[in-house]
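By convention in this document, chain letters (A, B, ...) are assigned in the order of the sequence lines, proteins followed by strands, and residues within each chain are numbered from 1.
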Amino acid sequence: MPELPEVETLARGLQRTIAGRRIVSVTLGKTDFIDNPSALEEFLPGLSIERVERFGKFMLLRLGGEASGNGTAHSVSAASLLVHLGMTGHMAPQPAAEPFSKHTHARFLLDDGCELRYTDPRRFGRMAYLAGEKLLAELGRFGVDPLEVSELEFGALLKSHKSRIKALLLDQSALRGVGNIYADESLWRAKIHPKRIAATISQGVSRKLRKALQDILREAIALRGSSISDFLDAQGQPGEYQRRHRAYGREAKPCYRCKTPIRRVIVAGRSSYFCPKCQPAPKSVKHKLKRRKPVTSRRKPASQ
DNA sequence: CTCGATCCCTGGACGC
DNA sequence: TGCGTCCAGGGATCGA
């Protein structure tokens, strides 16, 4: 599941291998994950990939060069191909002569004889050619990059949301790039229960969470991400960070700090792994368990 | 504003 | 070996 570190890894790999290449032609397979498939076929041929960046969980292929026909230099310079890998997306250059694998839905022939190929069995990903105002508007929907957010900004973000902290971390319009794995890992390191209401988190704990989040993302990038659902970088190498997971995917296994079995609950519709001892439940959650005596009048209504 | 439910999709795990 | 069933999950959408 490509999140920020995996997308960063892939973007860096592509920057090294395909930046500067010109797109010769575009061949599409299934297109239900592409915003406007014909725009890709119409505008991409002839443009060059100037650089590859990460934006949240998106890869941004910045395009340049002459548009096919009437585009002005200005509109072309702001054009980009936006690529979201969803759950199972992958993108890598391969020799054009090599056969492509089963779920390859987009192929971009480059001027060096390689083909940039997008593969995605589940097609939870997304691809869009956007330029000018439309590109700006699209990018504007997303929140701040977690690696760039200041302590002050992060604190204000928490204070202004009454949602659960896990839901907030996953909210791409608040913070762009954090997914289920790194949300759980950060909450574990900062010792915060996933159901804590963001606005109730103290300044001190907020600082701790921001540091945990940033440290973990940097560590994960250094190890080329987590390879869980067969994530591979642009060179086909798996990441190593899955070996460092302390919470994610560790249900019933002992907490690395206190040996208490890790638990799994659903928060924000996602599996959330946490240590019930290190990450104590907020009062609002404990309450439901407390309820000493089920009030006698509370028996099932005699409706039937 | 925030929530849960539902849908999209396919491969892998599991049970028989 | 093969089949059916369940599940994973990012994001959009909708009703509560």
Side-chain angles (χ1 to χ4, degrees), chain A residues 1-8 10 28-37 54-59 82-91 100-106 118-128 130 137-143 145-146 156-187 193-201 217 220 225-232 238 242 245 247-252 262 264-274 282 284-285 287-288:
Chain A
M1 52 213 64
E3 301 180 25
L4 189 154
E6 292 77 32
V7 179
E8 179 73 33
L10 201 49
L28 303 179
K30 290 187 179 175
T31 58
D32 54 359
F33 67 99
I34 302 175
D35 281 23
N36 179 0
R54 175 189 61 77
F55 185 88
K57 293 180 197 171
F58 283 91
M59 281 194 299
L82 226 60
V83 180
H84 194 297
L85 302 168
M87 291 289 299
T88 52
H90 187 61
M91 199 171 211
F100 51 88
S101 59
K102 190 178 174 188
H103 299 287
T104 301
H105 303 301
Y118 179 81
T119 306
D120 187 358
R122 291 185 203 175
R123 305 203 301 287
F124 272 21
R126 182 185 162 202
M127 200 176 280
L130 292 170
E138 180 60 26
L139 299 184
R141 299 171 49 221
F142 297 92
D145 191 293
L157 192 65
L158 266 53
K159 280 288 172 244
S160 64
H161 286 267
K162 291 181 178 169
S163 51
R164 294 156 171 173
I165 185 63
K166 172 77 182 270
L168 178 59
L169 290 176
L170 294 179
D171 182 352
Q172 302 298 298
S173 70
L175 218 50
R176 69 174 118 105
V178 181
N180 208 33
I181 296 173
Y182 299 101
D184 279 4
E185 291 301 308
S186 310
L187 291 172
H193 191 283
K195 287 189 178 178
R196 274 288 298 278
I197 300 301
T200 69
I201 293 174
L217 292 173
S226 302
S227 287
I228 308 221
S229 91
D230 50 49
F231 166 77
L232 300 174
Q242 66 278 7
H245 291 177
Y248 183 83
R250 301 194 64 250
E251 184 175 17
I262 295 291
R264 182 175 75 100
V265 293
I266 302 296
V267 185
R270 299 286 171 253
S271 283
S272 301
Y273 301 88
F274 69 103
S284 56
V285 175
H287 221 236
K288 289 174 185 167

Asks: Is H84(A) near enough to dG11(C) that one of its side-chain N or O atoms lies under 4.0 angstrom from OP1 or OP2?
Replies: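 Checking dG11(C) against H84(A), a side-chain N or O does come within under 4.0 Å of OP1 or OP2.
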
Asks: Pick base, sugar-phosphate or nothing for R176(A), based on heavy-atom distances below 4.0 Å to the nucleic acid.
Replies: nothing

Asks: For the atom pair CG (L170(A)) and CD (E3(A)), what is the distance rounded to the nearest 0.5 Å?
Replies: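 Reported value, rounded in 0.5 Å steps: 8.0 Å.
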
Asks: Can you tell me the distance, in whole Å, between the CG atom of D171(A) and the C1' atom of dC3(B)?
Replies: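 Answer to the nearest Å: 13 Å.
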
Asks: Looking only at side-chain N and O atoms, does K57(A) come under 4.0 Å of OP1 or OP2 in dG11(C)?
Replies: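 It does, given that an N or O in the side chain of K57(A) lies less than 4.0 Å from OP1 or OP2 of dG11(C).
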
Asks: With nearest nucleotides of DNA chain B determined for S163(A) and D32(A) from heavy-atom distances, which residue corresponds to the more 5′ nucleotide?
Replies: S163(A)

Asks: On the nucleotide dG9(C), are OP1 or OP2 found under 4.0 Å from the side-chain N or O atoms that S271(A) carries?
Replies: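 The answer is yes; a side-chain N or O of S271(A) sits under 4.0 Å from OP1 or OP2.
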
Asks: Can you tell me if the side-chain N/O atoms of Q172(A) get under 4.0 Å from OP1 or OP2 in dG10(C)?
Replies: no

Asks: Do the side chain of Q172(A) and the main chain of V178(A) share a donor and acceptor less than 3.5 angstrom apart?
Replies: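 A pair under 3.5 Å: yes.
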
Asks: Which nucleotide sits closest to the side chain of H103(A): dG11(B), dG10(C), dA8(C)?
Replies: dG11(B)

Asks: So does R122(A) get a side-chain nitrogen or oxygen closer than 4.0 Å to the phosphate oxygens (OP1/OP2) of dG9(C)?
Replies: no

Asks: Can you find a side-chain donor-acceptor pair between T88(A) and R122(A) that sits under 3.5 Å?
Replies: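 No - no donor-acceptor pair under 3.5 Å links their side chains.
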
Asks: Give the rounded distance in Å between these two atoms: CG of D120(A) and C1' of dC8(B).
Replies: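 The distance from CG of D120(A) to C1' of dC8(B) comes to 12 Å, rounded to the nearest Å.
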
Asks: Look at the side chain of K159(A) and the backbone N and O of A199(A), then say whether any donor-acceptor pair between them is shorter than 3.5 Å.
Replies: yes

Asks: Rounded to the Å, how far apart are L170(A) CG and dT2(B) P?
Replies: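 The distance from CG of L170(A) to P of dT2(B) comes to 14 Å, rounded to the nearest Å.
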
Asks: Looking at the side chain of H161(A), which of dG11(B), dC9(B), dT2(B) is the nearest nucleotide?
Replies: dT2(B)

Asks: Would you check if L4(A) and R54(A) make a side-chain contact, meaning some heavy-atom pair closer than 4.5 Å?
Replies: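 L4(A) vs R54(A): side chains touch.
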
Asks: Calculate the interatomic distance between H90(A) atom NE2 and dG11(B) atom P; express it in whole Å.
Replies: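 To the nearest whole Å, that distance equals 17 Å.
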
Asks: Looking at side-chain heavy atoms only, is the closest gap between K102(A) and T119(A) below 4.5 Å?
Replies: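 No, their side chains stay 4.5 Å or more apart.
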
Asks: Send over the distance from I197(A) CD1 to dT2(B) P, rounded to a whole Å.
Replies: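 In whole Å, dT2(B) P lies 9 Å from I197(A) CD1.
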
Asks: Whole angstrom is fine here: how far is it from CG in L168(A) over to P in dT2(B)?
Replies: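 From L168(A) CG to dT2(B) P: 8 Å.
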
Asks: Just the rounded figure in Å: distance from C1' of dG9(C) to OH of Y182(A).
Replies: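 Atom-to-atom, Y182(A) to dG9(C), this comes out as 15 Å.
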
Asks: Out of dC3(B), dG11(B), dG10(C), which has the shortest distance to the side chain of K102(A)?
Replies: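 Nearest nucleotide to the side chain: dG11(B).
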
Asks: If you check the P121(A) side chain, which of dC9(B), dG9(C), dG11(B) turns out closest?
Replies: dG11(B)

Asks: What's the closest nucleotide to the R164(A) side chain, out of dT10(B), dG11(C), dC3(B)?
Replies: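 The listed nucleotide nearest to R164(A)'s side chain is dC3(B).
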
Asks: Would you say a side-chain N or O of K162(A) is under 4.0 Å from OP1 or OP2 of dC3(B)?
Replies: no

Asks: Tell me which nucleotide among dG11(C), dC3(B), dA8(C) gets nearest to the side chain of R270(A).
Replies: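 Closest of the options to the side chain of R270(A): dG11(C).
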
Asks: Think Y248(A) has a side-chain N or O under 4.0 angstrom from the OP1 or OP2 of dA8(C)?
Replies: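 It does not, given that no N or O in the side chain of Y248(A) lies less than 4.0 Å from OP1 or OP2 of dA8(C).
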
Asks: Determine if F124(A) stacks with dG11(C); use a centre-to-centre distance below 5.5 Å and an interplanar angle below 30° as the criteria.
Replies: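 Aromatic stack with dG11(C) absent for F124(A).
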
Asks: So, is R141(A) near the phosphate of dA12(C), with a side-chain N or O under 4.0 Å from OP1 or OP2?
Replies: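 Checking dA12(C) against R141(A), a side-chain N or O does come within under 4.0 Å of OP1 or OP2.
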
Asks: Nearest-Å distance, CD1 (I181(A)) to P (dG9(C))?
Replies: 9 Å

